[in-house]
Amino acid sequence: MLPNGPKLLLLRLFSCVTFILLFQVTDAKKDLKSACSTCQQITDNFNKGFDRTARQNFGGGNTDWEERTLSKYETSEIRLMEIVEGLCDSSSFECNHMLEEHEDHLETWWFKRKTKHPDLRKWFCIDTIKVCCPTGTFGPDCKACVGGSDSPCHGNGQCDGDGTRGGNGKCSCDDAYKGEFCLDCIDGYFNEVRNATFSLCTECDPSCKTCTGATNRDCDECKDGWQDDDDEACVDVNECSADSSPCEEDQYCLNTEGSYSCAACDKVCSGCTGAGPDKCQACATGYQDAEGTCTDVDECSQPEAVCTKEHEQCVNTEGSHVCICSSGYEKQEGECVQTLQPEKEEESEASETTTSAHLEL
């Protein structure tokens, strides 16, 4: 029996090896998918080059002589080379590597297989270098995806590795669908049509969390913000009708389908039930109730004066008032003092100068 120390070391070593092997397997599957994508790029560009060069010839000037003596440009090696030159970007290592490794197969197809096998992608990528699979199949042996190769994932999802030699064939379901076969519906949807090979998931009524049909009477469970009524239909909960408002003191409640929102009261209100000065629960300071509507209080017209200092006058403002000095006065240290006119200021300065001179004598 090994001591605990060597056991722990072996366990850690085994864990590391397992992790590395899993990483390599995952990476290899990604490489297989990437290889098919690269091959697809090559064959797509080949077809584009084939169309681009369809009306060209050797360019020597005497086309009739060239066709008789050198063979037709349509099937010539020169045309093939012109097409091959445009298959890969110079920066694409994977593309250029695959092309360099398998260029002889393209030449074989061009000169010997093109007529019998016109589909280059099938002949080159699937049957010859074996980096792709037919649509609806996946993996090294091109097994059919879940749901069959004609309708992978029953038409409601994407088959992992579809059309490549990689992937595991598992389905990634589209929105509204779930399950291994993408035949089940997620919450909020129901099976409008369902059999062993086809499923159509349709959205429930907005009030339903789960349902069996399209109306609010078909809910298995109501969403938050809705509740069952006497007819067993899911109806909106009016949160604003509760005894205690869910909003702040200076806000009013607005009910919405399945929820609510809060909006600020009018500035003339101290608490309110809705928008506007006529929905106030009480009037804010500086406002008064006038036949059900909060209006501004004119403090300056009250029997008792609010501006009591000498030479002050009152100016009403929205919700308040201000005290200002009367004309000819200005505020100095909280008091209204008379403003000196320029002529009087000069006379005062002259008087001070004369007085000062007499004192010096």
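Within 6.0 Å of NZ in Lys114 there are more than 12 heavy atoms belonging to other residues, nucleotides or ligands. Around atom CG of Asp51, more than 12 heavy atoms belonging to other residues, nucleotides or ligands sit under 6.0 Å away. Atom CG of Asp224 is surrounded by 12 or fewer heavy atoms from other residues, nucleotides or ligands within 6.0 Å. Within 6.0 Å of the CD atom in Glu248, the count of heavy atoms belonging to other residues, nucleotides or ligands does not exceed 12. Heavy-atom neighbours of Glu239 CD from other residues, nucleotides or ligands within 6.0 Å: above the threshold of 12. By the 6.0 Å contact criterion, CD on Gln288 is enclosed, its count of non-hydrogen atoms from other residues, nucleotides or ligands being greater than 12. Residue Lys331 places its NZ atom among more than 12 non-hydrogen atoms of other residues, nucleotides or ligands, all under 6.0 Å distant. The environment of Glu318 atom CD is dense: over 12 non-hydrogen atoms of other residues, nucleotides or ligands sit within 6.0 angstrom.
Rounded to the nearest 0.5 angstrom, Leu200 CG and Cys185 SG are separated by 8.0 Å. Residue Lys48 holds its NZ atom at 11.0 Å from CG of Leu87, rounded to the nearest 0.5 Å. Taken from CG in Leu99 to CD in Glu85, the straight-line distance is 11.0 Å, to the nearest 0.5 Å. The NE2 atom of His321 sits 6.5 Å away from the SG atom of Cys300 when rounded to the nearest 0.5 Å. Asp162 contributes atom CG, which lies 7.0 Å from atom OG1 of Thr137 (distance to the nearest 0.5 angstrom). Between atom CD of residue Glu94 and atom SG of residue Cys88 there is a gap of 10.0 Å, rounded to the nearest 0.5 Å.
Using a cut-off of 4.0 Å between Lys/Arg side-chain N and Asp/Glu carboxylate O, Asp205 and Arg217 are scored as not salt-bridged. With respect to the salt-bridge test (charged N to carboxylate O, under 4.0 angstrom), the residues Arg121 and Asp44 do not qualify.
A 4.5 Å side-chain heavy-atom check between Glu107 and Met81 finds at least one atom pair inside the cut-off. In this structure the side chain of Tyr252 never reaches within 4.5 angstrom of the side chain of Cys262, judged on heavy atoms. In this structure the side chain of Phe111 never reaches within 4.5 angstrom of the side chain of Thr75, judged on heavy atoms. When side chains are defined from C-beta on, Val131 does not count as touching Thr164, because their heavy atoms never get closer than 4.5 Å. Annotation: side chain of Asp184 is not in contact with side chain of Tyr177 (no heavy-atom distance under 4.5 Å).
Cys272 pairs with Cys265 as a disulfide, the SG atoms being under 2.5 Å apart. SG atoms of Cys269 and Cys283 are separated by 2.5 angstrom or more, inconsistent with a disulfide link.
Counted by atom type alone, Asn96 and Glu100 present zero donor-acceptor pairs between their side chains at under 3.5 Å. With no hydrogens or angles considered, no side-chain donor-acceptor pair links Thr212 and Asp218 at under 3.5 Å. A donor atom on one side chain and an acceptor atom on the other are found under 3.5 Å apart for Tyr73 and Glu82. Under 3.5 Å, the side chains of Glu249 and Gln251 contain no donor-acceptor pair of N or O atoms. Thr53 and Arg79 share a side-chain donor-acceptor pair at under 3.5 Å.
Shown are Cys171, Cys182, Cys159, Cys173; of these, the disulfide (SG to SG under 2.5 Å) with Cys153 is made only by Cys171. Of the candidates Cys204, Cys211, Cys208, Cys234, Cys219 forms a disulfide (SG to SG under 2.5 Å) with just one, namely Cys208.
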- Apply the test salt bridge (charged side-chain N to carboxylate O under 4.0 Å, His left out) to residues Lys279 and Asp266: give CA-CA distance (whole Å), side-chain angles for both, the deciding distance (0.1 Å), then the verdict. CA-CA 9 Å; Lys279 301 295 185 199; Asp266 194 290; over 6 Å; no

- Message: As a quick check of understanding, evaluate side-chain hydrogen bond (donor to acceptor under 3.5 Å, both in side chains) for Asp278 and Thr293, giving each step before the final call.
- Response: CA-CA 4 Å; Asp278 58 338; Thr293 299; 5.4 Å; no

- List the steps, then state whether disulfide bond (SG atoms under 2.5 Å apart) holds for Cys39 with Cys125. CA-CA 6 Å; Cys39 193; Cys125 300; 2.0 Å; yes

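Under the 30°/60° scheme for interplanar angles, the aromatic rings of Trp123 and Trp109 are found to be tilted.
At least one donor-acceptor pair under 3.5 Å links the side chain of Ser326 to the backbone N or O of His311. Between the Lys143 side chain and the Asn168 main chain, no donor and acceptor come within less than 3.5 Å of each other. A donor-acceptor pair under 3.5 Å is absent between the side-chain atoms of Arg194 and the main chain of Ser199, judged by distance alone.
Among all heavy-atom pairs drawn from Tyr260 and Thr256, the shortest one is N-OG1, 3.2 Å.
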